[in-house]
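Data first, discussion second: the structure below is written as structure tokens.
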Amino acid sequence: MEKNILFPQTGGFVHGGDYNPEQWLDRPDILEEDIRLMKKAGINSATLGVFSWSVLEPKEGEFHFEWLEAIIDRLYENGIYTVLATPSGARPAWLDAAYPEAMRVDRRGMRARHGGRHNHCMSSPKYREKVEIIDRKLAKRFGSHPGVILYHISNEFSGECFCPYCVKKFRQYLWEQYDHDIEKLNAAWWTTFWSHRYNSFDQIEPPFENGETSVMGLNLEWKRFTTWNTNDFMKHETGVLRSVTPEIPVTANFMRLFGGLDYRKMAPELDVISWDNYPEFHNDRETLAETMRETAFQHSVMRSLKAGKPFMMMESAPGLVNWQPVNKLKRPGIHRLACLQAIACGSDSVQYFQWRKSRGSFEQFHGAVVDHIGTDDTRIFREVAEVGDLLKKIAPAAGTTVRTRAALLFDWDNRWAVADTKALSQESKRYEETCRGIWEEFFKLGIDMDVVGSDENLNRYDLVVAPMLFLLQPGTAQNLKTFVERGGQLLATYFTGYVNRDTLCYLGGFPGDGLKELFGIVSEEIDSLYPGDRNGIQMADGSIWEVRDYAEILRVQDAEVLGSYTEDFYRGMAAVTCKHYGEGNAYYVAARTDAGRMRPLFEKMMKDARIFAQDLPEGVEYHERSGDEGTYAFYLNCTAEEKAVSGIRGKELLTGTRVDDSLILPEYGAAVVKRD
């Protein structure tokens, strides 16, 4: 396993964040002080230009790059590298005044006015033209600068547009998707229902708020198109930059498990995956350990977009943010813990928004490394400097990756289809929460699962869980059958295999497309329970799993029954089954139950897959990164109590001490052990 260090220039991990010197051009003393403070905090990277368009091009065709060149030069002279952003995330006022087509049209058909950000039309030819001009000039001016190590495309892509350009483009997209045949589309969308049949592609509109929203195939294709069109815009930017400086990698900052875009479709266009990490620390609904587990899940989603390569945590708050329902301060020690978690999960960077707090406007109270007080003696600055120091201590781990033999299947298409279908309970579908809950239960056992799509190659995994796989992509069923046949351990749940990629139901019983043969069952009905309703599953070991929300009624064909319902008219009928298929096993859990109840089943699957759990105290996370020089084990104590972990041998990098068997983690403590 070779290392894959993203930026060897930095000597290890990237430590930096968004820097907005254009806000301080009238204060050269502050710009000079920034350099001193960055060096003191161990900063080796700064992201420039994210929202700089109105300063780079204050009037159409009038460019001012000299200030940016001076900043990049000064940073480089002091050992600080530049991540250079394209400014397309927010438009200058002159552009909207001259070219109103660049402003989006919303779901009601109303054109936006100038303001905000992330609100440009991805299809607008004029907007693309203006973006191309400034991107090309930036690449030509700075692409050969030794201090520029990465391009950052736009900022946090999001949103949809219903303007005439996008409507026309959507129709063209559908024309190509359905082989130029409107009857093929009609059949796929079942448009004879409610007499919604189309005679031509020109009759099709996106799902306007006051228009057609009852055709599931249309709604899903609009979601797909929005991703496709966003990706097309992003490729337009990356194409410009690569045509000038093909040697500089590109990234775009994603946003957690964002619902509006399918990141798997965008990932291939990027050289590095990066994302913006803003957990709600210290909220009143969960423990810190739970918040950290949910964040680890998000890291795993991003890591899995480019398996075998480190990702980047492009933004995080060194203190508080200003846009959450309650903007609570990070308690002492939490910043260090969260940064180490990102590294442990596979990030090769710790980056912040922002370096210095703005004096005014929307994010003037968003946390920053340097507060309005402007000094280096604040708690936040000291904690950031501590992170800078510890990143140097664990620098040998840079370029190593997380290698796991277990995966959770999560599809954006399936996510959208589950949310849109008129079935089950509209209040308790909770697809994302169900997936994350199962992932977290494995995580408690020390298993850092990848999060992959149902059409991805599963050869590197020995255990796969596929919750609520309602929509099957072409080839998904065969992919799962091949996985189990070669010896894989597979678990699927209720609401699996109901519809195809166009959201048409399979005939002949669920799960469709050959999965009945794999699992040895047929789902005849699914019962939705009210919030106060409960059922149970009696397992062979005598335990009872509580059932809530959903319960499928199964016909068992040739599967072994592991558990049966305890209540209602389907009492005694199968609820948990297993079929031996080829060299592996296909498990089916027909009802919703807490992931913790299923732990014995997960442990059985792990045993058969020869995947070994870690004996971890409550609230302690375990992560592992490996490379050609060995394995690095990360232990994070996400509690306010001292914890002891045993069975560890190696060198602890944060303290430089030797560990033989026992490791003591103080409150919110962490250890990074290069294992023997």
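Keep in mind it's a predicted model, so treat the numbers as computed, not measured.
Rounded to the nearest 0.5 Å, atoms OH (Y581) and OG1 (T482) are 8.0 Å apart. Note that the CG atom of D615 and the OG atom of S646 stand 6.0 Å from one another [nearest 0.5 Å]. To the nearest 0.5 Å, atom CG of residue N535 and atom CG of residue D549 are 12.0 Å apart. Here the CD atom belonging to Q354 is positioned 10.5 Å from the CZ atom belonging to R356, to the nearest 0.5 angstrom. Distance NE2/H152 to OG1/T251: 7.0 Å, rounded to 0.5 Å. Here the straight-line distance linking atom CH2 of W545 with atom CE of M598 works out to 6.5 Å at 0.5 Å rounding.
A salt bridge does not link E432 to R436: none of the charged side-chain nitrogens sits closer than 4.0 Å to a carboxylate oxygen. Salt bridge D271/K306: absent, no basic N to carboxylate O contact under 4.0 Å. A salt bridge is absent between E546 and R597; no separation between the charged side-chain nitrogens and carboxylate oxygens falls under 4.0 Å.
The side chain to side chain donor-acceptor pair (under 3.5 Å) test applied to W275 returns H299, not counting sequence neighbours. Residues passing the salt bridge (charged side-chain N to carboxylate O under 4.0 Å, His left out) test with K357, sequence neighbours excluded: D371. The side chain to side chain donor-acceptor pair (under 3.5 Å) search around K607 returns none, not counting sequence neighbours. With sequence neighbours excluded, no residue forms a side chain to side chain donor-acceptor pair (under 3.5 Å) with E641. Residues passing the side-chain contact (heavy atoms from CB on, under 4.5 Å) test with R460, sequence neighbours excluded: A307, D450, V452, E456. Residues satisfying the side-chain contact (heavy atoms from CB on, under 4.5 Å) criterion with T378, sequence neighbours excluded, are I373, T375, I380, F381. Remark: R610 engages no residue in a side chain to side chain donor-acceptor pair (under 3.5 Å) (not counting sequence neighbours). Taking A590 as the reference, E552, L554, Y565, Y588 meet the side-chain contact (heavy atoms from CB on, under 4.5 Å) condition, with sequence neighbours excluded. Annotation: ring-ring contact (aromatic ring centres under 6.0 Å, His included) contacts of Y622 (sequence neighbours excluded): Y635. Every residue two or more places apart in sequence or in another chain was checked for a salt bridge (charged side-chain N to carboxylate O under 4.0 Å, His left out) with R649, and none qualifies.
For the pair V301/R256, no side-chain contact is recorded, criterion being any heavy-atom separation below 4.5 Å from C-beta on. Between S300 and M449, the closest side-chain pair of non-hydrogen atoms is not below 4.5 Å. In this structure the side chain of I394 never reaches within 4.5 angstrom of the side chain of Y632, judged on heavy atoms. Here the side chains of R534 and R548 are in contact, with some heavy-atom distance below 4.5 Å. The closest side-chain heavy-atom distance from N277 to Q298 is not below 4.5 Å. Two residues are said to be in side-chain contact when any heavy atoms from C-beta on lie closer than 4.5 Å; Y81 and T10 meet this criterion. For the pair L305 and M266, the minimum side-chain heavy-atom distance is 4.5 Å or more. Residues Y278 and W323 have side chains in contact (heavy-atom distance under 4.5 Å, counting atoms from C-beta outward).
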query: Hey, mind stepping through V465 and F410 against side chain to side chain contact (heavy atoms under 4.5 Å, CB included) and telling me if it holds?
result: CA-CA 9 Å; V465 181; F410 182 95; over 6 Å; no
query: For I334 and Y668, what are the C-alpha separation, side-chain angles and deciding distance, and is it a side chain to side chain contact (heavy atoms under 4.5 Å, CB included)?
result: CA-CA 7 Å; I334 303 305; Y668 306 136; 3.9 Å; yes
- request: Using the salt bridge (charged side-chain N to carboxylate O under 4.0 Å, His left out) rule, take E383 and R336 through it: C-alpha gap first, then chi angles, then the decisive distance, then the call.
  value: CA-CA 7 Å; E383 292 195 358; R336 177 179 185 268; over 6 Å; no
task: Could you walk me through whether N283 and V326 pass side chain to side chain contact (heavy atoms under 4.5 Å, CB included), step by step?
output: CA-CA 8 Å; N283 62 69; V326 177; over 6 Å; no
message: What verdict does the side chain to side chain contact (heavy atoms under 4.5 Å, CB included) test give for K643 and L616, after you've listed the backbone C-alpha separation in whole Å, the side-chain angles of each residue and the deciding distance to 0.1 Å?
response: CA-CA 9 Å; K643 299 285 184 176; L616 298 171; over 6 Å; no
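Counted by atom type alone, S626 and T631 present one or more donor-acceptor pairs between their side chains at under 3.5 Å. For the 3.5 Å distance criterion, the side chains of T291 and E286 qualify, holding a donor opposite an acceptor. A donor-acceptor contact closer than 3.5 angstrom is absent between the side chains of D448 and T404. In this structure, a donor-acceptor pair under 3.5 Å is absent between the side chains of T493 and Y550.
Although no hydrogens or angles enter the test, the distance criterion places a donor-acceptor pair under 3.5 Å between the side chain of N327 and the main chain of Q324. With hydrogens and angles ignored, the 3.5 Å screen pairs a side-chain donor or acceptor of R625 with a backbone N or O of S347. Between the side chain of S349 and the main chain of V14, no donor-acceptor pair closer than 3.5 Å is present. The backbone N or O of S454 lies less than 3.5 Å from a partner atom in the side chain of D411, making a donor-acceptor pair. Side-chain N or O atoms of H580 include one that pairs as donor or acceptor with a backbone N or O of G582 at under 3.5 Å. In this structure, S274 contributes its side chain and A252 its backbone to a donor-acceptor pair below 3.5 Å. For the pair S316 (side chain) and Q351 (backbone), a donor-acceptor distance under 3.5 Å is present.
The stretch residues 314-333 participates, sequence neighbours left out, in no salt bridge (Lys or Arg N to Asp or Glu O under 4.0 Å) pair at all. Within the structure, every pair that satisfies the side chain to side chain donor-acceptor pair (under 3.5 Å) test and touches residues 37-47, not counting sequence neighbours, is listed here: K39-N78, K40-D376.
More than 12 heavy atoms of other shown residues, nucleotides or ligands fall within 6.0 angstrom of atom CD in E667. Residue N322 places its CG atom among more than 12 non-hydrogen atoms of other residues, nucleotides or ligands, all under 6.0 Å distant.
Nearest heavy-atom pair across R264 and P268 is O-CD, 3.3 Å. Taking all atoms of both residues into account, the shortest heavy-atom contact from F612 to M606 is C-CE, 4.2 Å. Closest approach of P617 and A644 over heavy atoms only: CG-O, 3.2 Å. In this structure, D276 and E156 approach most closely via the heavy-atom pair OD2-OE2, 2.5 Å. Across A670 and L340, no two heavy atoms sit closer than the pair CB-CD1, 3.5 Å. Considering every non-hydrogen atom in both V350 and C339, the closest pair reads CG1-SG, 3.5 Å.
The aromatic ring centres of F602 and F442 sit less than 6.0 Å apart.
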